[in-house]
Structures are given as C-alpha cells and as structure tokens.
Number of protein chains: 2
Amino acid sequence: MFSKACEYGIKAAIFIAINSFEGKRVSPKEIAEEINSPQAFTAKILQALARNNIVYSIKGAHGGFELDKKTIGAIKLAQIVKAIDGDSIYNGCGLGLQKCDENHPCPVHDKFKLVRDELKFMLENTSLEELALDIKAGGSFLKT
Amino acid sequence: MFSKACEYGIKAAIFIAINSFEGKRVSPKEIAEEINSPQAFTAKILQALARNNIVYSIKGAHGGFELDKKTIGAIKLAQIVKAIDGDSIYNGCGLGLQKCDENHPCPVHDKFKLVRDELKFMLENTSLEELALDIKAGGSFLKT
DNA sequence: TTTATTTCGGATATTTTTATCCTATTTATA
DNA sequence: TATAAATAGGATAAAAATATCCGAAATAAA
Ligand code: FES
Ligand code: FES
C-alpha cells in the first residue's frame, strides 16, 4: 500500500509529535529506535519531511527534529504521504493506465475509485495530533 | 497499490476471459499487445496464474491461454491479487508492523482497517465476467 | 575561537522488482 | 516420424527501492 519510506515517515512524524508536545527534540537515532527502522534511511526521509516543511530540523549541537506544538493538529497524514510517495495513490489508475480518466476508464475504475477516495478521505482527515495522543494513552503502538 | 505484475495479471486475465467467451485461445504475444505490457514478463505472470489454476495453459501448436467459459463468473479479482501479490494487502499492517493485531494496533489501525476491508470486499465481489462484459460493451478499456 | 554535537547531502551498496533472452519441452499436423 | 508452433522455465540484465557510509556544514557551549 505505502512504500517503506512512507511508513517510516508517518511513524517518525508521529513520534516527533509526541515529543514536541513535551517540548523535546529528537534525533534520527532515537526516532529509528522508537519506530524500528534503519537509522540512515530514516534520516533521509526526515530530510524530505523537513524540505516539505512538515517537520522542522535544527542543526548543530542540541539540534534535532521537532514540530510546532500548535500545528500538530493541522498536519494530516495526506501531507506526509504526498511528500514521500507522491499523489499517485490519490489519482493513479488501479490497473496502471497512464491516467485515471472517467472518459477512458479501466475495467475496475468505478469500484476502485470508491476505495481510493475513501483512503484519500481518511488520510486527509487524520491528524498527527490524534495519532500521537492515542499512543500516549496507550491505545496504539509504533513498533513490534 | 498493486504491483506491476499484479496489474498485468488482472488485465491479462480479463483479456483471456473476453476471448474465452468466443472460444478463442490467446498467446502471451497477443495479450501483451492488448494490455500494453512487456511480453516475456507477462508470460511469467501467466505461468503463475496457470500454476494457481486461475487460467489454463495449453502447450504446443495451437496452444495458448484460455479459461473455462462456465467459471469466468466465479473467478474474482481477489484470487488473482492473492496469487501474485500475496495477501498482505488484506491482512498486513498499514504502517508495516509485523502483523496487524487488534491487541497491539498501530496508530492508524482502526481507520486503515476500514479502507482495507472495503478493498478486500471489492476484490472478492468483482468477477472477471463483469469486467470482461463491460469491455466488450465499450464501457472500459485495457490500455492507453 | 575551539570543540563537541548534530543535520545535510553525495556516493555507494544491497535487495527487490521489473524486464529480457535463450533453450527445453510439449503438441498438432503434415 | 518430422516439423512447426507454442508454453515452461532457468539465466541474466536493468531499474527502482531500500539501506549504509562518510565528510561537509551548522550550531551551541566551553
Ligand atoms: S482508470 Fe483505472 S482507476 Fe480510473
Ligand atoms: S496494526 Fe496497523 S493496520 Fe492493524
């Protein structure tokens, strides 16, 4: 469904959110440990998230990744997925036709579009905040 | 969403279905042309579908791929997807946890499961027959 | 200003997916 | 039986995704 890079990106963002609520910055090393991902690869993904202004990176001593406590509620999964995997998951044809086109649909278009749109809606309406709070409450987990 | 192999497999199966309605066998060459896929790679996928008893392959002169006209309505997309991509799309965790587990859910579990189950339902309830008929009626297309 | 810390980013390596090539095997038919 | 036509399948290649390594640049603090 999502690429590994995207899975790591989502989990990393959630972990950064959790820590930002407590005013803590986190390093790629900590993040990789918490989400059970390869550290250097995770660092690359964090760079991409930073370039897309989804998370903030502070270089140098006492640096790390963080995000603005006030905007955590406004950051939706859709932004992260789009930044890493692009938007083919929202617009692409389920059977790989060059473009998904109502006027030249593939055989599964109508049915696929329903599922795809529901996924899109879900991602656009799920915020980092709710996911982070659920973890803090012990209702869900980032690894194992 | 699906692998290239799976996309090719679905389109190939639909094309074989269309031809089997007319009692015609088709070759990997014809199939690849009709679904706009690489021929040799498509042939590998056809072998996999044949090994899974989804399509039938007849070797030798006048051979080719076909399927039993009477069972086309019973073949669902889910079988093809499972044969080629496995069932991680039905059971796997959206964030890549080792297993999707109600008792140890990832942060998106509840929401993801809804989408995943809808996809599963769609694939399990869509037959090759309806897709093939739609194409014959000019309502959908296998390429471009 | 020096040092320690930390992200950035280019280069490289590994693995998986996608794709191609070639020969063996099977089968209908002349 | 000989031949041509067709799928099977192993070997290989190319491309993309995943992963690692290392030096450069930035920054806080001594
Ligand atoms: S054309 Fe294939 S999903 Fe729309
Ligand atoms: S645990 Fe992640 S989707 Fe179920």
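In what follows, chains carry the letters A, B, and so on, assigned in the order in which the sequence lines appear, proteins first and then strands, with residues in each chain numbered from 1. Just so you know, these numbers come straight off a predicted model, no measurement behind them.
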Is there side-chain contact between [X] and [Y], with at least one heavy-atom pair below 4.5 Å?
{"X": "Ile14(A)", "Y": "Ile10(A)", "answer": "yes"}
{"X": "Phe2(A)", "Y": "Asp85(A)", "answer": "yes"}
{"X": "Val55(B)", "Y": "Ile75(B)", "answer": "no"}
{"X": "Pro28(B)", "Y": "Thr42(B)", "answer": "no"}
{"X": "Leu95(A)", "Y": "Pro107(A)", "answer": "yes"}
{"X": "Leu131(A)", "Y": "Leu77(A)", "answer": "yes"}
{"X": "Lys113(A)", "Y": "Glu102(A)", "answer": "yes"}

Among all residues two or more places apart in sequence or in another chain, which pass the side chain to side chain contact (heavy atoms under 4.5 Å, CB included) test with Ala5(B)?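 Ala5(B): side chain to side chain contact (heavy atoms under 4.5 Å, CB included) contacts with Ser3(B), Phe41(B), Ile45(B), Ile84(B).
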
Does any residue of residues 34-56 of chain B have a heavy atom under 4.0 Å from DNA chain D, and if so, which ones, in number order?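 Listed by number, they are Lys44(B), Gln47(B), Arg51(B).
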
Pull out every residue in residues 7-25 of chain A that has a heavy atom closer than 4.0 Å to any atom of DNA chain D, ordered by number, or say none.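 Result for residues 7-25 of chain A: Tyr8(A), sorted by number.
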
Hey, could you give me each pair passing salt bridge (charged side-chain N to carboxylate O under 4.0 Å, His left out) that has a residue in [range]? Not counting sequence neighbours.
{"range": "residues 129-144 of chain A", "answer": "Glu22(A)-Lys136(A), Glu130(A)-Lys111(B)"}
{"range": "residues 28-44 of chain B", "answer": "Lys29(B)-Glu33(B)"}
{"range": "residues 6-15 of chain B", "answer": "Lys4(B)-Glu7(B)"}

Going by the rule salt bridge (charged side-chain N to carboxylate O under 4.0 Å, His left out), which residues pair with Asp87(A) if we only count those two or more places apart in sequence or in a different chain?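 Asp87(A) satisfies salt bridge (charged side-chain N to carboxylate O under 4.0 Å, His left out) with no residue once adjacent residues are dropped.
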
How would you list, by chain and number, every residue that makes a side-chain hydrogen bond (donor to acceptor under 3.5 Å, both in side chains) with Ser57(A), sequence neighbours excluded?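 Testing Ser57(A) for side-chain hydrogen bond (donor to acceptor under 3.5 Å, both in side chains), a comparison that skips the adjacent residues, returns none.
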
Terminal helix-axis angle for the helix from dT1(C)-dA30(D) to dA30(C)-dT1(D), with five pairs defining each axis and rounding to 10 degrees: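 End axes: 0° apart.
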
Earliest and latest nucleotide of DNA chain C, 5' to 3', sitting under 4.0 Å from a non-hydrogen atom of chain B?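 Contacts span dT18(C) to dT29(C), reading 5' to 3'.
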
Mapping Lys59(A) and Cys6(A) onto DNA chain D by nearest heavy atom, which one lands closer to the 5' end?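 This one resolves to Cys6(A).
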
For the student: nearest non-hydrogen atoms of Leu97(B) and Pro105(B), plus distance: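 Looks like CD1-C, 4.4 Å.
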
Quick one: Glu66(A) CD to dT27(D) P, roughly how many Å, whole number?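 The answer, rounded to whole Å, is 13 Å.
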
Could you list the protein-to-nucleotides 2-5 of chain D atom pairs, N/O on both sides, closer than 3.5 Å?
{"from": "dA5(D)", "atom 1": "N3", "to": "Ala61(B)", "atom 2": "N", "distance (Å)": "3.4"}

Kindly list each side-chain donor-acceptor pair under 3.5 angstrom involving residues 62-73 of chain A, sequence neighbours excluded, with atom names and distances?
{"from": "Glu66(A)", "atom 1": "OE1", "to": "Arg25(A)", "atom 2": "NE", "distance (Å)": "2.9"}
{"from": "Asp68(A)", "atom 1": "OD1", "to": "Lys70(A)", "atom 2": "N", "distance (Å)": "3.0"}
{"from": "Thr71(A)", "atom 1": "OG1", "to": "Asp68(A)", "atom 2": "O", "distance (Å)": "3.1"}

